[in-house]
Amino acid sequence: MVQRCVILAQHIVRCSLTWPPIRSIPTEDDELFENIPPEQYDLNTVIPVPQKTLETHLVRIEPMVPSLHGDALHRAFSTPGADPLFYPAGKPYTEKRQTLIYLEIQRRRTNFLLFAIIDKHSEQLAGQIAIGCDPTQTTRDIKILQVKVFPKFRRTHVIGHAEYLSHAYVLDPVSEGGLGCVRATGRVIPENIRSLTVHRKGFPVEEGTMRCYDVITPAPGDPPPKFGRITPDGRVTEDGVVFSLTIYDWLVDGIREKWKAVVDAQHTPLIQRPAKL
């Protein structure tokens with residue numbers, strides 16, 4: 001624990017100390033790391049990176065790296081037909097550079113770690129999931145963020161396995177390869193019905209709606225978020241429905257064992273259930 005705290009302190013000094021906090025947007029001249037090998041790619045995060053592979057027999061999650069996942073992520077983000085909330089800009093991208101900029105914006109969030117979700121049967125990128133934190137609370141409270149499953153893999157085993165792996169990494173003891181945190185939370189805007197459904201299955205407690213949970217700053221050229229309210233000074237705020245899962249739910253009340261039993265019992269690689277009408 002002492003070693004982790006020292007490492008965490010070294011990382012925290014890299015965080016932006018500007019006020020109010022701003023999300024750094026790459027410029028035309030910035031490196032986007034499209035061809036940088038994974039071993040040379042700086043994830044730039046205060047959150048400890050997994051030292052072992054996070055996987056079930058059907059799904060693997062691994063840090064998102066442009067040279068490994070950029071092409072597949074761009075194909076998903078540029079293919080029309082999904083709901084607007086799936087696309088970072090509310091509509092399909094038209095250039096790969098837009099996807100690379102999206103990835104670089106996420107990388108510059110030093111309190112954030114973005115994972116690629118890999119379907120092991122096909123070895124295809126099936127989506128993404130992220131964990132984030134307040135840098136001063138890395139050992140206590142982690143948020144599950146940016147959950148996006150590609151349309152092809154929706155209503156399959158993928159999301160259940162990916163959420164199990166992310167929860168396990170956050171809440172499992174350090175001695176078992178986890179972060180040893182005491183609380184994992186998820187936040188969904190009230191209008192995102194699909195994500196609300198997913199979170200209600202993945203978290204035992206829905207804590208309620210927090211007003212003005214987030215402030216959104218669209219990237220240059222992106223439209224303003226479809227949902228949210230405009231502040232008097234022109235910022236866009238979003239409310240959030242908050243869900244939680246604690247170390248007591250996970251380790252004491254048996255949710256880890258119950259979820260693992262469900263995951264282990266799923267032997268079929270890909271069965272896409274019909275969408276509910």
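Atom set for the values below is all heavy atoms of this structure, side chains included, hydrogens, waters and symmetry mates excluded.
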Q: Whether the side chain of Glu95 engages the backbone of Arg97 through a donor-acceptor N/O pair (distance < 3.5 Å, no angle test) should be reported.
A: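 Not confirmed, Glu95 side chain does not pair with Arg97 backbone.
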Q: Ignoring hydrogens, what is the shortest heavy-atom contact between Phe115 and Leu54? Give both atom names and the distance.
A: CE2-CD1, 4.2 Å
Q: Kindly say whether Glu34 contributes a backbone atom to a donor-acceptor pair with the side chain of Ser67 at under 3.5 angstrom?
A: no
Q: Please determine whether residues Tyr164 and Val262 belong to a single hydrophobic cluster, defined as Ile, Leu, Val, Met, Phe, Trp and Tyr linked transitively by side-chain heavy-atom distances below 4.5 Å.
A: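 No; tracing contacts between hydrophobic side chains, which count when under 4.5 Å, never links both residues.
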Q: Show your reasoning for whether side chain to side chain contact (heavy atoms under 4.5 Å, CB included) applies to Ser244 and Arg183.
A: CA-CA 7 Å; Ser244 67; Arg183 173 179 162 92; 3.5 Å; yes
Q: Quick one: list whatever passes ring pair (Phe, Tyr, Trp, His ring centres under 6.0 Å) with Phe243, sequence neighbours left out.
A: His199
Q: May I ask you to decide if Glu238's main-chain N or O and Asp214's side chain share a donor-acceptor pair within less than 3.5 Å?
A: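 Such a contact is absent between Asp214 side chain and Glu238 backbone.
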Q: CD1/Ile144 to CZ/Arg187 distance, rounded to the nearest 0.5 angstrom?
A: 13.5 Å
Q: Strictly distance-based, threshold 3.5 Å: is any side-chain N or O of Lys201 a donor or acceptor partner for the main-chain N or O of Leu196?
A: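 Judged by distance alone, no pair lies under 3.5 Å.
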Q: Examine distances only and state if a side-chain atom of Tyr87 and a backbone atom of Ala82 form a donor-acceptor pair shorter than 3.5 Å.
A: yes
Q: One thing to verify: whether Arg256 and Glu176 come together as a salt bridge, which I'm taking to mean a side-chain N less than 4.0 angstrom from a carboxylate O.
A: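 Between Arg256 and Glu176 there is a salt bridge, with a charged N closer than 4.0 Å to a carboxylate O.
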Q: Salt bridge check: are Lys96 and Asp71 linked by an N-O gap of less than 4.0 Å?
A: yes
Q: To the nearest 0.5 Å, what is the distance between NZ (Lys120) and CD1 (Ile118)?
A: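 Between Lys120 NZ and Ile118 CD1, I get 11.0 Å after rounding to 0.5 Å.
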Q: For a 4.5 angstrom cut-off between non-hydrogen side-chain atoms, does Val252 reach Ile247?
A: no
Q: Is there side-chain contact between Leu103 and Leu73, with at least one heavy-atom pair below 4.5 Å?
A: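 Result yes, sub-4.5 Å side-chain heavy-atom pair found.
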Q: To the nearest 0.5 Å, how far apart are CD1 in Ile61 and OG in Ser166?
A: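 Rounded to the nearest 0.5 Å, the CD1-OG separation comes to 5.5 Å.
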Q: Can you find a heavy atom in the side chain of Pro63 that is under 4.5 Å from one in the side chain of Val49?
A: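 In contact.
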Q: Using a 4.5 Å cut-off on heavy atoms from C-beta on, say whether the side chain of Val198 contacts that of Glu163.
A: yes
Q: Ignoring hydrogens and angles, tell me if any N or O in the side chain of Gln106 forms a donor-acceptor pair with the backbone of Tyr102 under 3.5 Å.
A: yes
Q: Establish, from distance only, whether the side-chain atoms of His161 and Gln266 form a donor-acceptor pair under 3.5 Å.
A: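 Yes, side-chain donor-acceptor contact under 3.5 Å.
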Q: Look at the side chain of Thr110 and the backbone N and O of Asn44, then say whether any donor-acceptor pair between them is shorter than 3.5 Å.
A: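 Checked: no pair found.
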Q: Quick one: do Asp264 and Lys260 make a salt bridge, cutoff under 4.0 Å?
A: yes
Q: Indicate the atoms forming the closest heavy-atom contact of Glu104 with Pro26, along with that distance.
A: CG-CG, 3.5 Å
Q: About how many Å separate CG of Leu125 and CG of Asp119, when rounded to the nearest 0.5 Å?
A: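 That separation rounds to 10.0 Å.
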Q: Is Arg108 salt-bridged to Glu31, going by a charged N under 4.0 Å from an acidic O?
A: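 Here Arg108 does not pair with Glu31 in a salt bridge, since their nearest N and O are not under 4.0 Å apart.
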Q: Within the structure provided, determine whether Val147 and Ile159 are in side-chain contact (heavy-atom separation under 4.5 Å).
A: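 Side chain of Val147 against side chain of Ile159, heavy atoms only: contact under 4.5 Å found.
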Q: Walk me through it: do Cys181 and Trp250 pass the test side chain to side chain contact (heavy atoms under 4.5 Å, CB included)?
A: CA-CA 11 Å; Cys181 297; Trp250 188 248; over 6 Å; no
Q: Where do Phe33 and Gln40 land on the side chain to side chain contact (heavy atoms under 4.5 Å, CB included) test, with the steps shown first?
A: CA-CA 10 Å; Phe33 307 105; Gln40 297 177 23; over 6 Å; no
Q: Indicate, with yes or no, if Ile193 and Val188 share a hydrophobic cluster defined by side-chain heavy-atom contacts under 4.5 Å among Ile, Leu, Val, Met, Phe, Trp and Tyr.
A: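 Yes; tracing contacts between hydrophobic side chains, which count when under 4.5 Å, links both residues.
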Q: Side-chain heavy atoms nearer than 4.5 Å, only ILVMFWY residues, links allowed to pass through others: does that put Ile36 and Leu114 together?
A: yes
Q: Distance from Thr237 atom OG1 to Arg235 atom CZ, nearest 0.5 Å?
A: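 The distance works out to 8.5 Å.
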Q: Could you tell me which non-hydrogen atom of Pro88 sits nearest to which non-hydrogen atom of Phe77, and how far apart they are?
A: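 Minimum heavy-atom separation between Pro88 and Phe77: CG-CE1, 3.6 Å.
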Q: Would you mind reporting whether Val215 and Thr231 have side-chain heavy atoms less than 4.5 Å apart?
A: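 No, too far: nothing below the 4.5 Å cut-off.
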Q: In terms of side-chain heavy atoms, does Gln98 have a donor or acceptor partner in His74 at a distance below 3.5 Å?
A: no
Q: Run Arg107 and Met64 through side chain to side chain contact (heavy atoms under 4.5 Å, CB included) and show every step you take.
A: CA-CA 9 Å; Arg107 191 191 74 86; Met64 185 81 78; over 6 Å; no
Q: Measure the spacing between CG of Leu245 and CG of Asp253 and express it to the nearest 0.5 Å.
A: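 Result: 10.0 Å between the selected atoms.
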Q: Taking all non-hydrogen atoms of both residues, which atom of Phe86 and which atom of Val149 are closest, and how far apart?
A: CE1-O, 3.8 Å
Q: Under 4.5 Å between any side-chain heavy atoms of Leu32 and Ile101, yes or no?
A: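 In contact.
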Q: In chain order, what residues pass the side-chain hydrogen bond (donor to acceptor under 3.5 Å, both in side chains) check against Asp83, with sequence neighbours excluded?
A: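 Partners of Asp83 under the side-chain hydrogen bond (donor to acceptor under 3.5 Å, both in side chains) test: Arg154, Arg194.
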Q: In the hydrophobic clustering (ILVMFWY, side-chain contacts below 4.5 Å, transitive), which residues join Val242, or is it alone?
A: Met210, Tyr213
Q: Main chain of Gly132, side chain of Asn111: is a donor-acceptor contact present, judged purely on distance under 3.5 Å?
A: no
Q: Tell me if a side-chain donor or acceptor on Thr53 pairs with a main-chain N or O of Glu55 at a distance below 3.5 Å.
A: no
Q: Under 4.5 Å between any side-chain heavy atoms of Gln124 and Phe150, yes or no?
A: no
Q: Is Leu145 linked to Val205 within one hydrophobic cluster, defined over Ile, Leu, Val, Met, Phe, Trp and Tyr using a side-chain heavy-atom separation of less than 4.5 Å?
A: no
Q: Counting only N and O atoms by type, is there a donor-acceptor contact under 3.5 Å from the side chain of Lys91 to the main-chain atoms of Pro80?
A: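 A pair under 3.5 Å: no.
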Q: Return the minimal non-hydrogen interatomic distance between Val59 and Ile117, and the atom names on each side.
A: CG1-CG2, 3.9 Å
Q: Could you pull out the closest heavy-atom pair between Ile47 and Ile131, with the gap in Å?
A: CD1-O, 3.4 Å
